[in-house]
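Keep in mind the model is a prediction, meaning the values are calculated, not measured.
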2 protein chains.
Amino acid sequence: MSETNVSPTERIPTKERILDAAEVLFAEHGFDATSLRMITTAAGANLASANYHFHSKDELVRAVFARRIRPLNQRRMELLESCLQASGEGPLPLEEVIKAFVQPVLEMRSGPQGAAVGRLFGRSYADPLGSPGQSFFELMKEVARPFTEAFRRALPGLEQADLVWKLHFSVGVMAHTLAGADHLRIISGGRCDLSDAEGALEQIVAYISAGLRAKPARIGRN
Amino acid sequence: MSETNVSPTERIPTKERILDAAEVLFAEHGFDATSLRMITTAAGANLASANYHFHSKDELVRAVFARRIRPLNQRRMELLESCLQASGEGPLPLEEVIKAFVQPVLEMRSGPQGAAVGRLFGRSYADPLGSPGQSFFELMKEVARPFTEAFRRALPGLEQADLVWKLHFSVGVMAHTLAGADHLRIISGGRCDLSDAEGALEQIVAYISAGLRAKPARIGRN
DNA sequence: GTCTATAACCTGATAGAC
DNA sequence: GTCTATCAGGTTATAGAC
């Protein structure tokens, strides 16, 4: 047996194994409750290797986010661009804009460690302003502006403040869906499963599009 | 100056001051990143007093939740009951059921340390199943069943699985609104403020009621 | 009930051999 | 690049004086 004949699984570089272990543990326990020791042990690496490869815990957190967010947002922009091109100067189809934002997340969730990445992202939306999760928002900013502009075009006549409220709610739908996928599967007795990407996308798009189009509340009627 | 003449502010018992400090710090930094030292220092109490009054950190977390959730859910049940009585055996007005669930939260947010409590609650929805935030879900269970039943009555003809998806999304709207109130105020330039309870309630009820009533997604049209 | 002191342990980060 | 050993400081929890 020569050393070139090791299993492909074991040939994953230490740096990547640390990222893999970190994102699972961060998703499960949060940043502060996850120590570098837990991460390196789970990765089958030495404690010092984490600092060697990432210099500090904060930079490790940032690297964990960046690895997943970059391709996610690239895919979102692709879908948004093709939606913009198909519509020319006219109004945008609302459902397509929502799909461009949501579908890549569901695709990602069926990728490697998708459930953990989803949970990590979903939790990060709830992190306060000065926390380690801050880098999540900085990386997400890239798509915030073009999508806000697209939603404005898809919802003509909606006041600016109303749009901000509604987009905030819609992000909440996405975030809680990602963070609470396990809860949902359990309370529904397995009938609602985020891993069914097609069914989930339909549900999400239906709910969010209706919310975005909603007229002011009419309390007292049904 | 006799000792009976101290300011009312300083007469708050240690146990309560610890709860006050804990809920602010938990909301800001999470459970693991908040040490008992931080809490007792902020409360102007001794480190050992936390263990004296609450036995352990886990029980302190539970006490922090229980103090706020109990009256909150009591108020929710009051509003739901009066909604049920006004409707008899007939269908329930959807907006009123949503209001019974949401309005007490907004009321609470304008109470003592309301913003911190809201942020704490909003974050707790994103906590995974085995975490310290678990006690949050156990305390929230009390209202889950009666409200699910009320929503079923307010949305006749909706399939069970669809209802579960939609209620899950609606909880997400509520949770993210609470956790991200600061973000919302900043990105909206102050135009959207959760502290404006009346305006916020209108926005939330409009969005959630439309989402709950939504028909299956119609992709491709506007 | 409130304090000091301390036990037993874990943390991120680094120095330096290999 | 990977290891061991270690630093300085933080953590929960408790024992025991007042």
Side-chain angles (χ1 to χ4, degrees), chain A residues 3-4 6-65 67 127 130-135, chain B residues 3-4 6-65 67 127 130-135:
Chain A
E3 280 141 345
T4 57
V6 273
S7 139
T9 311
E10 315 209 14
R11 295 229 47 240
I12 296 171
T14 300
K15 190 168 177 177
E16 228 169 304
R17 293 204 320 275
I18 291 174
L19 287 172
D20 289 342
E23 77 184 356
V24 170
L25 290 165
F26 285 157
E28 206 65 36
H29 309 288
F31 304 114
D32 283 280
T34 305
S35 67
L36 293 178
R37 278 175 168 81
M38 289 164 68
I39 294 168
T40 50
T41 301
N46 188 273
L47 169 62
S49 63
N51 279 299
Y52 174 79
H53 285 290
F54 300 99
H55 186 67
S56 76
K57 191 178 177 179
D58 268 347
E59 282 186 45
L60 171 59
V61 171
R62 172 170 273 275
V64 166
F65 279 128
R67 182 174 66 146
D127 281 342
S131 71
Q134 184 84 17
S135 49
Chain B
E3 279 139 344
T4 57
V6 273
S7 140
T9 310
E10 317 210 10
R11 293 226 52 242
I12 297 171
T14 301
K15 191 168 176 176
E16 227 170 302
R17 293 205 318 274
I18 291 174
L19 288 172
D20 289 342
E23 76 184 357
V24 170
L25 290 165
F26 285 157
E28 205 65 35
H29 309 289
F31 304 114
D32 283 279
T34 304
S35 69
L36 294 177
R37 276 176 166 81
M38 289 164 68
I39 294 168
T40 49
T41 301
N46 188 273
L47 169 61
S49 63
N51 280 298
Y52 173 79
H53 285 290
F54 300 98
H55 186 66
S56 75
K57 191 178 176 179
D58 267 347
E59 281 186 43
L60 171 59
V61 171
R62 173 169 272 275
V64 166
F65 279 128
R67 181 173 67 147
D127 281 342
S131 71
Q134 184 85 18
S135 49

Checklist entry - Out of dT4(C), dT2(D), dA13(C), which nucleotide sits closest to the side chain of Leu47(A)? => result dA13(C)

Checklist outcome for this item: With the side chain defined as heavy atoms from C-beta on, His53(A) is closest, among dT4(C), dT14(C), dT2(D), to dT2(D)

Checklist outcome for this item: Phe54(B) CZ to dT2(C) P, in whole Å, measures 11 Å

Item to check | Heavy-atom closest pair, residues Gly133(A) and Phe65(A) | outcome: CA-CE1, 4.2 Å

Item to check | Whole-Å gap separating P (dA13(C)) and CG (Leu60(A)) | outcome: 10 Å

Checklist entry - How close or far is atom C1' of dT12(D) from atom CE of Met38(B), stated in whole angstroms? => result 15 Å

Item to check | Integer-rounded Å distance: dA15(C) C1' and Asn51(A) CG | outcome: 12 Å

Checklist outcome for this item: From OH of Tyr52(A) across to P of dG1(D) the rounded distance in Å is 5 Å

Next on the checklist: Does a side-chain N or O of Ser49(A) approach OP1 or OP2 of dC3(D) to a distance below 4.0 Å, or not?
Outcome noted: no

Checklist entry - Is the shortest distance from a Lys or Arg side-chain nitrogen in Asp20(B) or Arg67(B) to a carboxylate oxygen in the other one below 4.0 Å? => result yes

Checklist outcome for this item: Arg17(B) and Gly44(B) have their tightest heavy-atom pair at NH2-O, 3.3 Å

Checklist entry - What integer distance in Å separates Ile39(B):CD1 from dG10(D):P? => result 17 Å

Next on the checklist: Below the 4.0 Å mark, does dG1(C) have OP1 or OP2 next to a side-chain nitrogen or oxygen of Asn46(B)?
Outcome noted: no

Next on the checklist: Does any part of the side chain of Asp58(B), heavy atoms only, come nearer than 4.5 Å to the side chain of Phe31(B), both counted from C-beta?
Outcome noted: no

Next on the checklist: Quick check for you: among dC3(C), dT2(D), dG12(C), whose closest atom lies nearest to any side-chain atom of Lys57(A)?
Outcome noted: dG12(C)

Checklist entry - Glu59(B) has an atom CD; how far is it from atom P of dT14(D), in whole Å? => result 11 Å

Checklist entry - Which atoms form the tightest heavy-atom contact between Thr34(B) and Leu25(B), and what is the distance? => result OG1-O, 3.2 Å

Checklist entry - Taking the side chain of Leu36(A) as heavy atoms from C-beta outward, which of dT14(D), dG12(C), dA13(D) is closest to it? => result dG12(C)

Checklist entry - Across the strands shown, which category fits Thr34(A) at heavy-atom distances under 4.0 angstrom: base, sugar-phosphate, nothing? => result sugar-phosphate

Next on the checklist: Nearest whole Å is fine: how far is dT4(C) P from Arg37(B) CZ?
Outcome noted: 12 Å

Checklist entry - Side chain of Ser56(B): nearest nucleotide among dT2(D), dA13(D), dT14(C)? => result dA13(D)

Next on the checklist: With a 4.0 Å limit, can you tell me whether Ser35(A) has a side-chain N or O closer than that to the phosphate oxygens OP1/OP2 of dC10(C)?
Outcome noted: no

